[in-house]
Amino acid sequence: MRGKAATTLLERPAGEVRIFEDLDDLSRAAASLFVELANEAVRDHGAFRVALSGGSTPKKLYSLLARPEFSTRIPWHAVQLFWGDERCVPPDDPESNYGMAHDVLLQRIAIPATNVHRIRGEMDPGQAAAEYEALLRESFGAGPNRVPRFDLVLLGLGGDGHTASLFPGTSALEETKRLVVAVYVEKLNAHRISLTLPVIDHSAAVVFLVSGEDKRSIVAQVLAGSGDRAELPAQRVRSLDDKVVWFLDRPAAADVSRV
Ligand code: 6PG
């Protein structure tokens, strides 16, 4: 196994920053963290409930988790897989976040089908969001006044500072009660389904995975500040135990000052 890449550790208002040589090293470190958190959660409370992120960055991580060097160390029988957001497309659509995870991970591991909780993007967006919120409440045993607590939420970062499907200037960003919302994203001319900040902020750990030269500017902007009213959605993300960790590769971290 390749040696663990040297990482640079920084602290920022937006959380702890770990910088890796490239996407491969970033993904390997994220896979090791996934194994560690999964075993810790199962030992602690008998389950590991994780929300997977979408887009392209996590594909390498999910592929690694399917490899024996990682998959044999994960108690899949006790892992409950959810998604942080989904495109409003069928599961076999190339745009589907579930579809990507199915291709590179789900069909290669022995996880019970009942442990995989996809957002039904093929449905009417409002119905899909309501159905997913009900599923979350049932899976976590969280009644109307409680917020489910994920053991881990994986997130990506878009060029405009969005994360999950919480885009700048959308009502989804201001949601304080619902766990899951359907949102129409003008710039994409598309509907999305997304977890809301109340759920993300209630999780035990949040890990952002960000890679590539094209993200260097937005990464520097997001890490420069944080806060509940911040304009950039990713700056609003918290975690209950204040455990927000940024996994960046060197190109994405190029404008992050070392101070
Ligand atoms: C999605 C994601 C979204 C993604 C960012 C980064 O459904 O697209 O949830 O928030 O993480 O847009 O996407 P890339 O990894 O493709 O750059």
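- No donor-acceptor pair closer than 3.5 Å links the side chain of S96 to the backbone N or O of D92.
- Counting only heavy atoms from C-beta outward, the side chains of V50 and W83 never approach each other to under 4.5 Å.
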- request: Take Q80 and F48 through the side chain to side chain contact (heavy atoms under 4.5 Å, CB included) test and state the conclusion after the steps.
  value: CA-CA 6 Å; Q80 297 291 333; F48 177 56; over 6 Å; no
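- Proximity of a side-chain donor or acceptor of N97 to a complementary backbone N or O of S53 within less than 3.5 Å is not detected.
- Nearest heavy atoms, P168 versus P233: N-CG, 3.5 Å.
- Side-chain contact, Y62 with D103: no donor N or O sits under 3.5 Å from an acceptor N or O.
- Between the CG atom in L105 and the CZ atom in F70 there is a gap of 12.5 Å [rounded to 0.5 Å].
- Evaluation of the ring pair (Phe, Tyr, Trp, His ring centres under 6.0 Å) test over residues 102-126, restricted to residues two or more places apart or in two chains, returns F82-H117, Y98-H102.
- A cation-pi geometry, defined here as NZ or CZ lying under 6.0 Å from the six-membered ring centre and within 45° of its normal, does not hold between R250 and F20.
- Smallest separation of non-hydrogen atoms from R236 and L197: CB-CD1, 3.8 Å.
- For CD of E213, the number of neighbouring non-hydrogen atoms (other residues, nucleotides, ligands) closer than 6.0 Å is greater than 12.
- With a 4.5 Å cut-off on side-chain heavy atoms, R28 and L64 count as touching.
- Around atom CD of E186, no more than 12 heavy atoms belonging to other residues, nucleotides or ligands sit under 6.0 Å away.
- Using a 4.5 Å heavy-atom threshold, the side chains of R49 and R149 count as separate.
- If you chain together hydrophobic residues whose side chains sit under 4.5 Å apart, V244 and V199 fall into the same group.
- Across every non-hydrogen atom of G84 and A51, the tightest pair is N-CB, 4.1 Å.
- A donor-acceptor contact shorter than 3.5 Å links the side chain of R146 to the backbone of G141.
- Under the 4.5 Å side-chain criterion, counting only non-hydrogen atoms from C-beta, R216 is not in contact with P251.
- The closest donor-acceptor contact from the side chain of D201 to the backbone of R238 lies under 3.5 Å.
- The pair D160-K187 meets the salt-bridge criterion, since a charged nitrogen lies less than 4.0 angstrom from a carboxylate oxygen.
- The CD1 atom of I200 sits 8.5 Å away from the CG atom of D85 when rounded to the nearest 0.5 Å.
- Taking a 6.0 Å sphere around CD of E122, one finds it holds more than 12 heavy atoms contributed by other residues, nucleotides or ligands.
- Using a 4.5 Å cut-off on side-chain heavy atoms (C-beta onward), I74 and L65 make contact.
- Between atom OG of residue S165 and atom CD1 of residue I193 there is a gap of 8.5 Å, rounded to the nearest 0.5 Å.
- A heavy-atom distance below 4.5 Å is found between the side chains of L223 and V219.
- L135 and V79 end up in the same hydrophobic cluster when Ile, Leu, Val, Met, Phe, Trp and Tyr side chains are linked at under 4.5 Å.
- Checked by atom type and distance alone, the side chain of K243 never pairs as donor or acceptor with a backbone atom of V206 at under 3.5 Å.
- When every heavy atom of L209 is checked against every heavy atom of L26, the shortest pair comes out as CD2-CD2, 4.0 Å.
- To the nearest 0.5 Å, atom CG of residue L154 and atom CG of residue L33 are 8.5 Å apart.
- Under the 3.5 Å distance criterion, the side-chain polar atoms of E16 are left unmatched by any main-chain donor or acceptor of V245.
- You'll find the side chain of V183 stays beyond 4.5 Å of the side chain of H191, heavy atoms only.
- Taken together through direct or relayed side-chain contacts under 4.5 Å among Ile, Leu, Val, Met, Phe, Trp and Tyr, L106 and V89 form parts of separate hydrophobic clusters.
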task: Begin from the C-alpha positions of K60 and D24 and carry the test side chain to side chain contact (heavy atoms under 4.5 Å, CB included) through to its verdict.
output: CA-CA 7 Å; K60 178 74 186 169; D24 276 359; 3.1 Å; yes
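- In this structure, F247 has its ring center no closer than 6.0 Å to that of F208.
- M100 has its side chain within reach of V104: a pair of non-hydrogen atoms, C-beta onward, lies under 4.5 Å apart.
- In this structure, S211 contributes its side chain and L23 its backbone to no donor-acceptor pair below 3.5 Å.
- Under the 4.0 Å criterion applied to side-chain N and carboxylate O atoms, E86 and R192 are not assigned as salt-bridge partners.
- No donor-acceptor contact under 3.5 angstrom links the side chains of E175 and S171, judged on distance only.
- No single ILVMFWY cluster, assembled from side-chain heavy atoms under 4.5 Å apart, contains both V181 and L179.
- The hydrophobic clustering, which links ILVMFWY residues whose side-chain heavy atoms are closer than 4.5 Å, places V180 and F167 apart.
- Counting all heavy atoms, side chain and backbone alike, A30 lies closest to L61 at C-CD1, 3.8 Å.
- Side chain of D44 to main chain of E40: no donor-acceptor pair is present (N/O by atom type, distance under 3.5 Å, no hydrogens or angles).
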task: With side-chain hydrogen bond (donor to acceptor under 3.5 Å, both in side chains) as the test, would you mind laying out the steps for H45 and D151 before giving the verdict?
output: CA-CA 10 Å; H45 48 270; D151 296 300; 2.8 Å; yes
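- Using a distance-only test at 3.5 Å, with no hydrogens or angles considered, no donor-acceptor pair links the side chain of W76 to the main chain of P112.
- R87 has no carboxylate O lying under 4.0 Å from a charged side-chain N of D93, or vice versa, which leaves the two without a salt bridge.
- With rounding to the nearest 0.5 Å, the separation of OG in S194 from OH in Y132 is 11.0 Å.
- Smallest separation of non-hydrogen atoms from L52 and A101: CD1-CB, 4.3 Å.
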query: Step by step, would you call L157 with V222 a side chain to side chain contact (heavy atoms under 4.5 Å, CB included)?
result: CA-CA 9 Å; L157 178 68; V222 167; 4.1 Å; yes
message: Show, in sequence, the C-alpha distance, side-chain angles and deciding distance for F150 and L195, and conclude whether the side chain to side chain contact (heavy atoms under 4.5 Å, CB included) test is met.
response: CA-CA 11 Å; F150 278 97; L195 295 188; 3.9 Å; yes
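- A distance of 11.0 Å separates CG in L37 from OG in S32, rounded to the nearest 0.5 Å.
- In this structure a side-chain-to-backbone donor-acceptor pair under 3.5 Å is missing from E131 to I119.
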